[in-house]
Engineer: 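Here it is: the structure, laid out below.
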Amino acid sequence: MTPGAYDAVILAGGAARRLGGVDKPALRVGGRALLDRVLDACRGAGRTVVVGPRRPTVRPVRWAREEPPGGGPVAAVDAGVRQTTAPVVLVLSADLPFLTPETVETLLTGLRGAEGAVLVDPDGREQPLVAAYRAEPLRREIALLATEHGGLGGLPLRLLVSELALARLQHPTASFDCDTWEDITTARARIREHGHVLDEWIAAVKAELGIDLDVDTAALLDLARDAAHGVARPAAPLTTFLVGYAAAQKGGGSEALAAATEKAAALAARWADEQ
C-alpha cells in the first residue's frame, strides 16, 4: 500500500489490572517498550494516533483520550479515528510484541473487498485490535452504536465489528498480547530463541540508534566468519565495524552497506587464499 494510504490508531490506555496497574505500554520486551515495538511495525502510516496518557515514544505521534476517560475500547477507537483522514485505519493494541511491518502489510493487503481484515489467534478467535478497517464503515458503526446506546462508554468491541464484513487472517504469533506477567515472561523468552534473537537484536539496535536500514544479516555474518577464520578471531568485529563506517562515509543506505560488505568479503577471501 502506498505511503499515507492508511492511518494507525493504537490503544494505549487501560488499567492493566492483571499486571497490577503498571504502565503496560512502557514495559520492555527485548529492550524496547511494547508501545515502541508496535509503533515500529506501523511506521508506514500517514498519521499515527495513540489513545492514552502521553509518554515518550520512539517517533512522533498524535495523542488522544477517550470520552469518558476509562470508557473502554470502543470509546478509545472512536477518539483515535476522529483524528484520522486516510481511507484505511489500522487499529492496534499497544501490547503486541511480535507485530511486524510484514504483518501490517498482510492486514492491509487482506482488506481487498472486505470492510475489515482481522488476525485470528491460534484458537480461532478474532482479534479486533490487530486489524485494518475501511474508515467509512468503521465510522458508520461507531455512529450507530452511539445512537443506539446513548454513548460509547463501556461497550464491548464485538458490538463494533459484528456488523462489518471481515476477512479473517491467520498468523501464529502476531496477535499474541501481554495481559499478564506470564505473557511478558513468555514474550521475553521467545525473542531470545535461536531462530529469532539476531533479528530482534538488530531491530532493537536500529531503533535505539535511529537507523532505518535493511541489514543483510546473512552477508554480514558470512563476512565475520570469513574474517575470523581467514585472518584472526578479533578481525570479525573490527571488520564489521569498518564496513559500517565505510558505508556511512559513502552516504549510508543498503546499497553502500552491500558494496562495502562485498569488498571486505573479497579481501578476506584473498587473505585466506594466501595461507
Side-chain angles (χ1 to χ4, degrees), residues 1-16 22-67 69-71 73-108 111 128-135 138-139 142 174 177-178 187 191 199-215 248 251-254:
M1 183 167 286
T2 57
Y6 76 95
D7 291 335
V9 172
I10 301 174
L11 274 57
V22 301
D23 183 10
K24 180 166 66 169
L27 289 176
R28 297 186 179 277
V29 172
R32 292 190 288 163
L34 285 170
L35 175 57
D36 284 344
R37 297 179 74 92
V38 176
L39 287 172
D40 184 59
C42 63
R43 57 181 179 266
R47 290 185 179 183
T48 301
V49 184
V50 179
V51 184
R54 287 177 177 266
R55 50 173 66 83
T57 54
V58 70
R59 62 178 176 85
V61 300
R62 295 170 179 254
W63 294 95
R65 292 304 301 267
E66 71 275 18
E67 286 292 338
V74 177
V77 171
D78 176 49
V81 169
R82 287 176 182 273
Q83 294 198 34
T84 64
T85 59
V88 172
V89 181
L90 193 69
V91 178
L92 304 167
S93 61
D95 60 346
L96 302 168
F98 305 119
L99 189 72
T100 65
E102 292 74 22
T103 310
V104 167
E105 188 62 32
T106 297
L107 285 169
L108 298 172
L111 269 173
L129 292 183
V130 197
Y133 300 99
R134 299 198 183 277
L138 185 62
R139 290 192 174 95
I142 290 172
D177 57 4
C178 294
I191 67 167
D199 288 338
E200 288 286 350
W201 172 247
I202 289 170
V205 171
K206 289 195 296 184
E208 192 73 15
L209 299 179
I211 299 170
D212 186 11
L213 175 68
D214 289 331
V215 177
S254 56

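Numbering of residues begins at 1 and proceeds along the displayed sequence.
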Engineer: Determine whether P97 and L99 make a side-chain contact, defined as any pair of heavy atoms from C-beta on separated by less than 4.5 Å.
Structural biologist: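 Contact flag for P97/L99 side chains = no.
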Engineer: Any side-chain heavy-atom pair from E66 and P73 closer than 4.5 angstrom?
Structural biologist: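 With C-beta onward as the side chain, the pair stays apart.
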Engineer: What are the two closest heavy atoms between R65 and A79, and how far apart are they?
Structural biologist: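 In terms of heavy atoms, the two residues are closest at O-CB, 3.5 Å.
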Engineer: Give the minimum heavy-atom separation between L92 and A131, together with the two atoms involved.
Structural biologist: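 Taking every non-hydrogen atom into account, CD2-N, 4.3 Å.
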Engineer: Tell me, do C42 and Y6 make a side-chain contact under 4.5 Å, heavy atoms counted?
Structural biologist: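 Result yes, sub-4.5 Å side-chain heavy-atom pair found.
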Engineer: Looking at A12 and P53, what are the two nearest heavy atoms and their distance?
Structural biologist: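 For A12 and P53, the tightest heavy-atom pair comes out as O-CD, 3.8 Å.
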Engineer: Within this structure, what is the CG-CG distance for the pair D36 and D40, rounded to the nearest 0.5 Å?
Structural biologist: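 If I round to the nearest 0.5 Å, the distance is 8.5 Å.
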Engineer: Given V9, which of V51, V77, L138, V50 fulfils the side chain to side chain contact (heavy atoms under 4.5 Å, CB included) condition?
Structural biologist: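 For V9, the side chain to side chain contact (heavy atoms under 4.5 Å, CB included) test succeeds with only one of V51, V77, L138, V50, which is V51.
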Engineer: Does R59 form a side-chain hydrogen bond (donor to acceptor under 3.5 Å, both in side chains) with T48? I'd like the steps, not just the answer.
Structural biologist: CA-CA 10 Å; R59 62 178 176 85; T48 301; 3.0 Å; yes
Engineer: Does any non-hydrogen side-chain atom of L90 lie less than 4.5 Å from one of D7?
Structural biologist: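 Answer no - side chains too far apart.
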Engineer: How many angstroms lie between CZ in R139 and CZ in R134, if you round to the nearest 0.5 Å?
Structural biologist: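 It is 13.5 Å, given to the nearest 0.5 Å.
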Engineer: Out of the candidates I10, D177, L11, only one should pair with D95 under the side chain to side chain contact (heavy atoms under 4.5 Å, CB included) rule; please name it.
Structural biologist: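 In the set I10, D177, L11, the residue that makes a side chain to side chain contact (heavy atoms under 4.5 Å, CB included) with D95 is D177.
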Engineer: Could you tell me whether the side chain of Q83 reaches within less than 4.5 Å of the side chain of V49, counting heavy atoms only?
Structural biologist: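 Answer yes - side chains close enough.
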Engineer: Check the side chains of T100 and R37 for a donor-acceptor pair under 3.5 angstrom, ignoring hydrogens and angles.
Structural biologist: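 No, T100 and R37 have no side-chain donor paired with an acceptor closer than 3.5 Å.
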Engineer: Any side-chain heavy atom of L96 within less than 4.5 Å of one from L34?
Structural biologist: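 Answer no - side chains too far apart.
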Engineer: Is there side-chain contact between P128 and Y133, with at least one heavy-atom pair below 4.5 Å?
Structural biologist: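 A side-chain contact under 4.5 Å exists here.
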Engineer: Which pair of heavy atoms, one from A41 and one from V104, lies closest together, and at what distance?
Structural biologist: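 Closest approach of A41 to V104: O-CG2, 3.5 Å.
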